[in-house]
Amino acid sequence: MSAPNDSRAEPHDTPALEVRDLVKTFGPVRANDGISFTVMPGEVHALLGENGAGKSTLVKSLYGVHRPDSGEILRDGKVQHLDSPSVARRSGIGMVFQDMRLIPALSVWENIALHLESTSGVLRPRQLRALIAETSERYGLATHPLRKVEHLSIGEWQRVELVKVLLGGLRLLILDEPTSVLTPQEVAGLFAMVRRLTAEGVAVIIITHKLREVRQIADRVTVLRGGRTVLMNASPHALTDAELITAMVGEPVETLQRAVTPPVTGAHALVRLNGVSVRRPDGDWGLRDLDLEIRPGEILGVAGLAGSGQNELADLLVGADGIADGEVVVDGEAVALPDPVRMRRAGIVGVAPDPVRQFVVPGMTVAEHTALWNSAGMFAFDVRHADADLRRRDAMAELRVVASSRRMDRLSGGNIQRALLTLALTSDARVVVASYPTRGLDVLTTERTRTLLRRLSEAGAAVVLISEDLDELLALSDRVAVLAVGRLAGILPGGTADRNTIGELMTGVEAA
Amino acid sequence: MTSERLVLTRSRAWDVARSAHRAVSWTRVGIVAGAYVLCLVAFAAFAAWRGANPLTLIPTMLQSSLLEPSALAQTLLRAVPIGFAALAVAVPARAGLVNVGGEGQLIIGAVAGAGVGIAVGAHVPGVVGVLLTVTAGTLAGGLWAAISGMLKVAFGAAESVTTLLMNFIANDIMLFLIYQPWKDPNGSGQPQSRPLAASIRLQPLLGTGVTLAVVLLVVVTVGLWFVIRRTGWGFALRVVGGNPMAAMRNGLPTRRLSLSAMTVGGALAGLGGVLNLIGVEGQLRPDLTATFGYVGFLACFLGRNDPIRVALAAILFSAIALSGNGMQISEGLDGSIVNVLLGAIVLTMLTVGRRTKEALT
């Protein structure tokens, strides 16, 4: 339980970690196919790559979750065998997973006690809590040891994870996509803590697919593609964004540039929400007193921390959810909700926030899903022509949808998303409610999807873009609406919206 | 254009070939066939231990259930209530509902049929009498199941529990009627209803021993197979059963669909009940259904909710039950020993069955 070593004084000749030709296969899949890179003490090393490039497999080998088939892992110049996560933890490796592993019903300090190797039968709560408080303060990680984990925000949750690994005598910290759920302010806090750690000689590996973060925090970067190292131990400052993306994807990708569109004035709203409130099944307010206009030819971005009412908004607009108060006006006429058929006939289609739960019908093929989509509440299902229709749509969307005879529930998340996008973005809709449209997609398909959304809005459709990715929102939106605990915290013009302002609105700093 | 179309055709042919390949997996066929043989061997061993001759056992069973023309007719007649009860499970299952109420729906169908049959008696021509009786039984079964369906869509009450409880109520209603108002004055004190007029009873067809009821089971089975696969209603039921949330988001009337599936299921069982009444029994009596409803539930499980396979399973179960008669006569064993075979088959299929969740196609 010692504090991280202060080994800054020594010259950093021996890498804290060296990976040589690491291979890990799962059946016929070579997830890691000869990966090499080095991490020096006191360095932040970014692992960059697309979904499926092998980043997660690699760090799981480093944390002792997987055993590599071949290759070597050296720590401070010596070969090390990491047979299990507890071996890795004892040797000073700490990892913060993407899906955080805390027990909601227990308090913060109890969760930390569970994790510690030295916890042997007898707990010494007071001593442990003092230690947690000291560590939290030292690294600027505000935590409340006595609070139950279930009441924490996602940012606090992550800070508890960090305190947990910091208490273990940390030499190498692995962060798996740590920023994907954080506000810009929380990202800044996380990076400040990372810098404090590196100043003490701790080596940090950060997995990401965001170039901006690589530039912000990383000293060196290694790019993985298809399980191989395509760029090793490079300095990010010597590379352009285009070069990094090309390394990730394997071919140059034209990223969508912000188009300056004239503000839509006077256009009459397709959908108007007047003081709308929605109750969640658990009785809490999902949306509270929301006023919003959805206008043709405009991309309305919706930002907010996870669970701030985005999903309720998306469900409401496709008619899947009823309202507790207020009114929803479509084409000048108030509608009684829930009524999915009414909303669909008004030309509103949705990219569901949770496709597996809300879109995929187990046992049915892609063609049958197409027939269901086309029925649009008319109770006529044309399975026979569904294949031809899907091909027509695929030719328009170019999202490379899978064969229509495949069963939807057996597809990967990315392929399900492609099928859903192909249907939703080629339906001649007047309003497209796209929730997290690019989640789980590769870089090329992501860019294609963004282009399609932009084209729809240029053709006069209204697009509601709900996303956790602030960069995506800022690049596409004409206006950005920020939700905080179900309320509208503010609407900013997309072109001039600033990340920090959005972040403050998300956490309700200005609203409070 | 031409080359594009060529590619298209080829890929579609490939898809078809692949799905055909998936449909017939020889390993699976082998496993299932092996499982049945194993059940027979285990049963023969058990019967031998109880004193039967294992070598003549199987021929005797076949003789008394399938090979003799009169035995085959008996098997098919008994397959009617079991088969309809099994279909009554299969239709709601498409919509993700578990109907354990086949037994009660059979009873209530028979009760309604008996009521109408006794009332109209010989006052109307036979055909009209039969039509009225059968319609009454079918409607009663449907309404009976619809009660559970309503409880489900209105209050979210688990249909697997309510349908089961409704079985006891149905049975009590029948017992009340045959002990009190409908009691047969010529029944020498036995609790049974007055017999139906001969004009309402189904007669054997052309000396075959089977009645119209068997033909009806075949027709309804094939019809259901078509309805489930080829109609919008069948498609929508699959969507509701597979993912109710997706069904709702696509504008399907999920409550009405669930209710309709339950009602149709109940109507099928009611039809089975009334056909068994006018075809075989002729009057109400205790143990009229002899757990056909529950055997039907197992037959539906064995047939994986596919109407045709479900009906075949019902015939198999019926044959097994009747083969007990042969055992009793020639081997001197209690006929109920065949329940060992029935149980073995169901248990074995439970274990080798759903390795991978099968498609609801």
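In what follows, chains carry the letters A, B, and so on, assigned in the order in which the sequence lines appear, proteins first and then strands, with residues in each chain numbered from 1.
Contact residues of residues 150-158 of chain B toward chain A are absent (heavy-atom distance under 4.5 Å).
Put simply, the side chain of B/V239 reaches to within 4.5 Å of the side chain of A/M364, judged on heavy atoms.
Heavy-atom neighbours of A/R400 CZ from other residues, nucleotides or ligands within 6.0 Å: above the threshold of 12. Around CZ of B/R255, the count of heavy atoms belonging to other residues, nucleotides or ligands within 6.0 Å does not exceed 12. Environment of CE in A/M378: sparse, with no more than 12 heavy atoms of neighbouring residues, nucleotides or ligands closer than 6.0 Å. Atom CZ of A/R357 sits in a sparse spot, with 12 or fewer heavy atoms from other residues, nucleotides or ligands closer than 6.0 Å.
Rounding to the nearest 0.5 Å gives a distance of 10.5 Å between CZ of B/F235 and CZ of A/F379. B/N250 CG to A/F359 CZ: the interatomic distance, rounded to the nearest 0.5 Å, is 8.0 Å.
Heavy-atom distances place the backbone of A/V356, and not its side chain, under 4.5 Å from chain B. Residue contact with chain A, scored on non-hydrogen atoms closer than 4.5 Å, is absent for B/P244. For A/A320, the parts lying under 4.5 angstrom from a heavy atom of chain B are both the backbone and the side chain. The contact between A/V383 and chain B is made entirely by side chain atoms (from C-beta outward), counting heavy-atom distances below 4.5 Å.
Minimum interatomic distance between A/P362 and B/N243 (heavy atoms only, all atoms of both residues): CD-CB, 4.0 Å. Nearest heavy-atom pair across B/A246 and A/V361 is CB-CG2, 4.0 Å.
Among B/M245, B/M248, B/R249, the residue making the largest number of heavy-atom pairs under 4.5 Å with chain A is B/R249.
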